[in-house]
Amino acid sequence: MGKVVSMLYRILCLLLAFLHFQVHCSLSSPSSFLHSAHLCLPEQRAALLEFKNAISLDDYCGPVYSNYPRTSSWNESTDCCSWDGVSCHTVTGHVIGIDLSNSCLYGTLPANSSLFHLQRLQWLDLSSNNLHGSFLENSSLFHRQGLQQLNLAFNDFNGSISSELFNQLVSLTHLNLSYNSFSDLIPYEISLLSKLVSLDLSNNGLRFDSQGFDMLARNLTELRNFIIDSVDMSDAAIPSFMNLTPSLESLSLTDCQLDGELSSEVFSLPYLQHIDLGWNQNLTGYLPKTDLSNAIKLLDLSFCRFRGSIPASFGNLTQIIFLDFSRNDFGGQIPDTFGNLNKLTFLSFSFCNFCGQLPTTMFNLTELTHLDLSHNRLEGSLPNHVSELQLLEDISINNNLISGGVPSWLFTLLSLRRLDLSYNKLTGPIDQIQKPNSLEYIDLSSNDIHGSIPNSFFDLVSLETLDLSSNNLSGVIRSNMLAKLKNRTDLHLSNNSLLSLSTSGNDVNYSFPQLVKVSFSSCSIRQFPSFFRTSTLELLDLSNNKIHGRISKWEAEGWERLSVLNLSYNFLTTLEQFPAGKNIQVLDLQSNMLQGPILSTCLNLQNPNLTQVLVVFLISKNKMTENIPQLICNWSSLMVLD
Ligand SMILES: *[C@@H]1O[C@H](CO)[C@@H](O)[C@H](O)[C@H]1NC(C)=O
Ligand SMILES: *[C@@H]1O[C@H](CO)[C@@H](O)[C@H](O)[C@H]1NC(C)=O
Ligand SMILES: *[C@@H]1O[C@H](CO)[C@@H](O)[C@H](O)[C@H]1NC(C)=O
Ligand SMILES: *[C@@H]1O[C@H](CO)[C@@H](O)[C@H](O)[C@H]1NC(C)=O
Ligand SMILES: *[C@@H]1O[C@H](CO)[C@@H](O)[C@H](O)[C@H]1NC(C)=O
Ligand SMILES: *[C@@H]1O[C@H](CO)[C@@H](O)[C@H](O)[C@H]1NC(C)=O
Ligand SMILES: *[C@@H]1O[C@H](CO)[C@@H](O)[C@H](O)[C@H]1NC(C)=O
Ligand SMILES: *[C@@H]1O[C@H](CO)[C@@H](O)[C@H](O)[C@H]1NC(C)=O
Ligand SMILES: *[C@@H]1O[C@H](CO)[C@@H](O)[C@H](O)[C@H]1NC(C)=O
Ligand SMILES: *[C@@H]1O[C@H](CO)[C@@H](O)[C@H](O)[C@H]1NC(C)=O
Ligand SMILES: *[C@@H]1O[C@H](CO)[C@@H](O)[C@H](O)[C@H]1NC(C)=O
Ligand SMILES: *[C@@H]1O[C@H](CO)[C@@H](O)[C@H](O)[C@H]1NC(C)=O
């Protein structure tokens, strides 16, 4: 049975070959046929082996590096058509395809490489190796070859591209030179490649001029993928974009120095799925009022200068997955029409100058992982009940005008790690947290939140940063709350004038190996909280409170890592020991009531560790009797003293 199929197949291929059809029979041929035939042409085998011997294998090779040395299987005593990465024409035996992507190849590929002697080659993939050379400067490489696909991406090729080269590559349908170091002007002759379906020139040092780009736009009518990220287009005329073929599916022009106004018709191209124009800071334009192509899956206009408002037709982009408008000159309201954008995973409208009500339909998106509406002038309050958003990892609505409470659903989203609602007009209260979740970062600072901090905040098992500073929170933080923290945590609670810390008699029993940075400035602490005696602490700011009395010897022990200590603007009278470990760099004791000799009694002035790290030492506005400058004149590190 297999033999009959092989025979029929062979006859068919012969027929097609006679009819000059360019069909890759080998791709779909039954494997039994391939193995029974010994097709390899001796001079082609020799050329391949010569290439193999001229190129080394990289040391960084293997599954760990996601690559694999295909040429290792290239063995003289076997049919070269069976070698890994080699495809032959099933009838003539000519090598027609080479796929050596991710093959650990290392070395220089010269213009006279034997690889270029394979005259019937139709596709060549050398991507993701470590190959060098500037062989595209040479014009006569691919002479008489019907090369259709060339992929040199992710290597270290350099030099310019010869203009005559493209005269020979007129059969090319796929050209991928991305992530190399090719340089200079892209020759005008690229517009001779009228069969090109996919062109990727991204991330080289290449440049288009006005005429070259215009010719390309007019002549490459088959183009579907046009990827030229970081190609210098500062001389290209933006109106030429209007000549690009309507067959485009993917257009990527990140960081191309485009300058001018893009016609909004680009967003209406019927098959365009992927539009990436990010980081063209002089590119302006508007979104079309209607006719946004609903094929769009990715739309990235970040860091450009698009203007106008978002049209309501936006709600028709039902295929969209990724949407980034951040840092543009948009304005107006965001239309509340996200109800049908069920596939959306990434949404950023940060720094877009939007105003009006916070759209609520986006809180129903089930696939969303990132939501960033920060730095606009959005008003209104957060919805009370949200049960969707179960995949949301990151939500930033900071720097807006959002008012109202901090609803509990924010703390029940299973995947949420980062929550930033800082710089709004939230008044609180903060709802209790119902069940454990994965929040790592919570920033509610600079709002007007009243009430107390729910106990349950300290149950968050993954918490690393909690910033509630600059609010109107009240109540007492107790040592047993802090003792529940599981991770190394930064705690920022400054500027809550009614918030204090308890100092119960049991504090000696607690230790807080988790706290790293603690700022508790401008609150209403009355007594030095001895429970911050922890060896992980790096920053402690208790300035501008109402702390009275003394810091005892044992309270000031154990600060191994502490580098910033601010106790200024309090009512401290006595230090039994210098309040810092050997890594202290900034020590601020200003504006207290410290009396008598202090440095000479509690500080070991000969401690070389101290004298070498302390950079800022502020102790003025106290009641000291010593001549401090004289005492510390040999501290080599000190740069600021007051
Ligand atoms: C080629 O294959 C033969 C038979 O499998 C084997 O004996 C020989 O060592 C191989 N040579 C190389 C260079 O791998
Ligand atoms: C181009 O390659 C051909 C064939 O290897 C060689 O003869 C010629 O000298 C090369 N030209 C340049 C400019 O490198
Ligand atoms: C390729 O050219 C280099 C000089 O550019 C020469 O040393 C080398 O022998 C040539 N190799 C072949 C196979 O012609
Ligand atoms: C290409 O890279 C090689 C090796 O790094 C270098 O010697 C050569 O000058 C570069 N050529 C160009 C045109 O940049
Ligand atoms: C456009 O492509 C055709 C071949 O399809 C070619 O004859 C013509 O010269 C090209 N035009 C330009 C401006 O390159
Ligand atoms: C170019 O090749 C690289 C590496 O294989 C690949 O990641 C990239 O998607 C290719 N570009 C196009 C447009 O196919
Ligand atoms: C934008 O335009 C200004 C003024 O023409 C120019 O100085 C600047 O370099 C341009 N920036 C970019 C990224 O092209
Ligand atoms: C959305 O698409 C529908 C159907 O194509 C159309 O009738 C409607 O006008 C569109 N909505 C907007 C706001 O463009
Ligand atoms: C979210 O969807 C639910 C039903 O799935 C619906 O009841 C609710 O009104 C929607 N909310 C918004 C803001 O669209
Ligand atoms: C803070 O809240 C208290 C009442 O709890 C109130 O008297 C005070 O005015 C508030 N301060 C600010 C700055 O809102
Ligand atoms: C210490 O805190 C006070 C009051 O909060 C502040 O003014 C001062 O700049 C801080 N000192 C240092 C060295 O940062
Ligand atoms: C200085 O630091 C070193 C290393 O951290 C330590 O071994 C030594 O005891 C310290 N010296 C003083 C006087 O604290």
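Quick note: residue numbers are just sequence positions, from 1. Each ligand, and each atom within it, is numbered from 1 in the order the structure gives.
A salt bridge links Asp84 with Arg70; the closest basic N to acidic carboxylate O contact falls under 4.0 Å.
Relative ring orientation between Phe346 and His370 is described as tilted, the plane-to-plane angle lying within the 30° to 60° band.
Close contacts between ligand 5 and Leu192 involve ligand atoms 9 (O) [criterion: under 4.0 Å to a heavy atom]. With ligand atoms numbered from 1 in the order given, ligand 6 contributes 13 (C) to contacts under 4.0 Å with heavy atoms of Ile227. Close approach of ligand 5 to Ser194 is summarised as follows: ligand atoms under 4.0 Å from at least one heavy atom of the residue are 2 (O), 4 (C), 5 (O). Close contacts between ligand 6 and Ser198 involve ligand atoms 13 (C) [criterion: under 4.0 Å to a heavy atom]. The contact set between ligand 6 and Ser127, taken as ligand atoms under 4.0 Å from a residue heavy atom, comprises 5 (O).
Here Phe363 and Phe338 keep their ring centres 6.0 angstrom or further from each other. Aromatic ring centres of Phe322 and His274: separated by at least 6.0 Å. Phe330 has its ring centre less than 6.0 Å from the ring centre of Phe325.
The protein heavy atom nearest to atom 7 (O) of ligand 6 is Phe154 CE1, 4.1 Å. Annotation: atom 3 (C) of ligand 4 to nearest protein heavy atom, Asn158 ND2, 3.6 Å. Annotation: atom 1 (C) of ligand 5 to nearest protein heavy atom, Asn219 ND2, 1.5 Å. Annotation: atom 14 (O) of ligand 5 to nearest protein heavy atom, Ser191 OG, 2.8 Å. In this structure, atom 13 (C) of ligand 4 lies nearest to the protein heavy atom Gly159 CA, 3.7 Å.
Within the 4.0 angstrom cut-off, atom 5 (O) of ligand 4 has no protein heavy-atom neighbours. Protein heavy atoms are found inside the 4.0 Å sphere centred on atom 11 (N) of ligand 5.
Heavy atoms of Ser134 stay at 4.0 angstrom or farther from ligand 4.
Once rounded to the nearest 0.5 Å, the distance linking CG of Asp372 with CG of Asp394 reads 7.0 Å.
With a heavy-atom cut-off of 4.0 Å, Leu199 does not touch ligand 6 at all. Neither the backbone nor the side chain of Tyr179 has a heavy atom within less than 4.0 Å of ligand 6.
Between Asn225 and ligand 6, a contact under 3.5 Å exists for no N or O pair.
Considering only non-hydrogen atoms, atom 8 (C) of ligand 6 lies nearest to Asn176 out of Asn151, Leu152, Asn176.
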